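In what follows, a single structure is set out as structure tokens and then discussed.
Numbers here simply count residues along the sequence, with the first being 1. Just so you know, these numbers come straight off a predicted model, no measurement behind them.
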Amino acid sequence: MAVELYLDLLSQPCRSVLIFAKKNNIPHEVRNISLMDGEQYGDHFGKISLIRKVPALRDGDFTLTESPAILLYLAQKFQTPEHWYPADLQQRARIDEYLSWQHCALRLHGSKLETETELMIPEVLHVEVPKEKMEAAVEQLSGSLNLLEEKFLQDRPFIAGGHISLADLVAIVEVMQPVACGLDVFGGRPKLNAWRDRVQAAIGKELFDEVHQNILGSQERVKEMDGSMLESSKANMLNLFM
């Protein structure tokens with residue numbers, strides 16, 4: 001039986017889940033949830049996820065939220081190739097370490113520079129972002145990228161060793177998010193650039209491009225958005241990012 005995946009591909013974690021499902025031929029059906037249209041607050045989705053965030057998974061009567069948990073569930077239920085989450089204790093610990101770290105580091109700092117800050121606030125909410133805020137956000141992201149290179153990659157091809165793992169998949173979608181607002185995160189970072197190429201090759205360029213096409217076109221789409229749709233959440237967004 002196919003699992004149901006509730007996704008919005010503007011979301012980094014949703015992209016990692018979809019890439020994993022497609023790459024491993026996991027039977028699945030995508031249920032699109034438009035965050036911009038507030039569909040996460042609908043009655044139907046509320047029965048799937050009380051926290052009203054994507055991604056979410058439904059497998060029969062079983063529901064699950066949080067992308068790392070979903071990825072681990074899919075990997076183990078469908079017995080995907082071991083390199084995604086190896087049996088070796090130390091390799092597995094490297095993956096767990098990265099998944100535990102990234103929420104309050106690369107994910108947090110990258111989000112400040114992508115659609116919510118570089119695009120959403122100035123282009124849709126029409127609020128000027130102070131220069132010092134942008135400079136601080138760039139510096140914080142740079143610090144997280146430094147740690148990705150120096151601590152998590154070091155001299156290894158991938159985070160857990162010689163093969164792509166769940167950690168690389170979760171990392172690449174976060175690194176690609178600031179690219180959507182025109183930030184060259186790979187410039188002057190040959191190690192990060194080479195890692196990106198290896199991850200893309202391991203995933204497959206066609207699948208990689210397919211899943212990222214929406215976010216990479218977001219600069220043009222946000223210019224056409226009606227900011228009134230976000231009026232109810234405007235205060236919260238400004239408090240979070242400003």
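Asp168 contributes a side-chain N or O that, together with a main-chain N or O of Ser165, makes up a donor-acceptor pair within less than 3.5 Å. Judged by distance alone, with hydrogens and angles left aside, the side-chain atoms of Arg198 form a donor-acceptor pair with the main-chain N or O of Pro157 at under 3.5 Å. Distance alone, capped at 3.5 Å, is enough to place a donor-acceptor pair between the Gln154 side chain and the Lys151 backbone.
With Phe208 as the fixed residue, the side-chain contact (heavy atoms from CB on, under 4.5 Å) test singles out one of Gln213, Arg15, Met176: Met176. Exactly one residue among Asp8, Val54, Ile33 makes a side-chain contact (heavy atoms from CB on, under 4.5 Å) with Gln40. That residue is Ile33.
Connection of Leu50 to Phe62 is not established within any shared hydrophobic cluster, with ILVMFWY side chains joined at heavy-atom distances below 4.5 Å, either directly or through further cluster members.
Shown here are the side-chain contact (heavy atoms from CB on, under 4.5 Å) partners of Leu207, two or more places apart in sequence or in another chain: Ile19, Lys22, Lys23, Ile203, Glu210, Val211. Phe158 pairs by the ring-ring contact (aromatic ring centres under 6.0 Å, His included) definition with nothing, not counting sequence neighbours. Legend: residues meeting ring-ring contact (aromatic ring centres under 6.0 Å, His included) with Phe78, ordered by chain and number and at least two apart, are absent. Residues passing the ring-ring contact (aromatic ring centres under 6.0 Å, His included) test with Trp195, sequence neighbours excluded: none. Annotation: side-chain contact (heavy atoms from CB on, under 4.5 Å) contacts of Lys47 (sequence neighbours excluded): none. Judged as a salt bridge (charged side-chain N to carboxylate O under 4.0 Å, His left out), and not counting sequence neighbours, Lys191 has no contacts. Judged as a salt bridge (charged side-chain N to carboxylate O under 4.0 Å, His left out), and not counting sequence neighbours, the contacts of Arg189 are Glu149. Taking Gln102 as the reference, Tyr98, Arg107, Val170, Glu174 meet the side-chain contact (heavy atoms from CB on, under 4.5 Å) condition, with sequence neighbours excluded. Checked against salt bridge (charged side-chain N to carboxylate O under 4.0 Å, His left out), Arg31 has the following partners two or more places apart in sequence or in another chain: Glu4, Glu29. Legend: residues meeting salt bridge (charged side-chain N to carboxylate O under 4.0 Å, His left out) with Arg94, ordered by chain and number and at least two apart, are Glu97. For Phe20, the ring-ring contact (aromatic ring centres under 6.0 Å, His included) test picks out Trp84, with sequence neighbours left out.
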(request) Show your working on side chain to side chain contact (heavy atoms under 4.5 Å, CB included) between Leu57 and His28 and close with a plain yes or no. (result) CA-CA 10 Å; Leu57 171 149; His28 66 279; over 6 Å; no
(message) The test is side chain to side chain contact (heavy atoms under 4.5 Å, CB included); show your working for Val175 and Leu145 and say whether it passes.
(response) CA-CA 8 Å; Val175 173; Leu145 293 173; 4.2 Å; yes
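Glu206 CD: 12 or fewer foreign heavy atoms inside a 6.0 Å radius. Annotation: His103, atom NE2; neighbour count of heavy atoms from other residues, nucleotides and ligands within 6.0 Å is above 12.
If you take NE2 on His212 and CG on Leu9, they are separated by 9.5 Å, rounding to the nearest 0.5 Å. In this structure, His83 NE2 and Leu166 CG are separated by 9.5 Å, a value rounded to the nearest 0.5 Å. Between atom CG of residue Leu35 and atom CG of residue Leu7 there is a gap of 10.0 Å, rounded to the nearest 0.5 Å. A distance of 4.5 Å separates CG in Leu71 from OG in Ser16, rounded to the nearest 0.5 Å. Distance check: Ile26 CD1 to Leu74 CG gives 4.5 Å after rounding to the nearest 0.5 Å. Taking CG from Leu148 and CG from Leu153, the interatomic distance works out to 5.0 Å, rounded to the nearest 0.5 Å.
Counting all heavy atoms, side chain and backbone alike, Thr65 lies closest to Ala56 at CG2-CB, 4.4 Å. Contact record, Ser144 with Leu106: OG-N, 3.6 Å, taken as the closest heavy-atom pair. For Ala69 against Leu64, the heavy-atom pair with the smallest separation is O-CD2, 3.5 Å. The minimum heavy-atom distance linking Arg58 with Gly60 is given by the pair CG-O, 3.3 Å.
Between Pro13 and Val173 there is no side-chain heavy-atom pair separated by less than 4.5 Å. Residues Ile95 and Ile159 fail the side-chain proximity criterion, which asks for heavy atoms closer than 4.5 Å.
Judged as a ring-ring contact (aromatic ring centres under 6.0 Å, His included), the pairs with a partner in residues 31-61 (not counting sequence neighbours) are, in order, Tyr6-Phe45.
By the 4.0 Å N-to-carboxylate-O rule, Asp59 lies close enough to Lys77 to be salt-bridged with it. Under 4.0 Å is where a charged nitrogen must lie from a carboxylate oxygen, and between Arg92 and Asp96 no such pair does.
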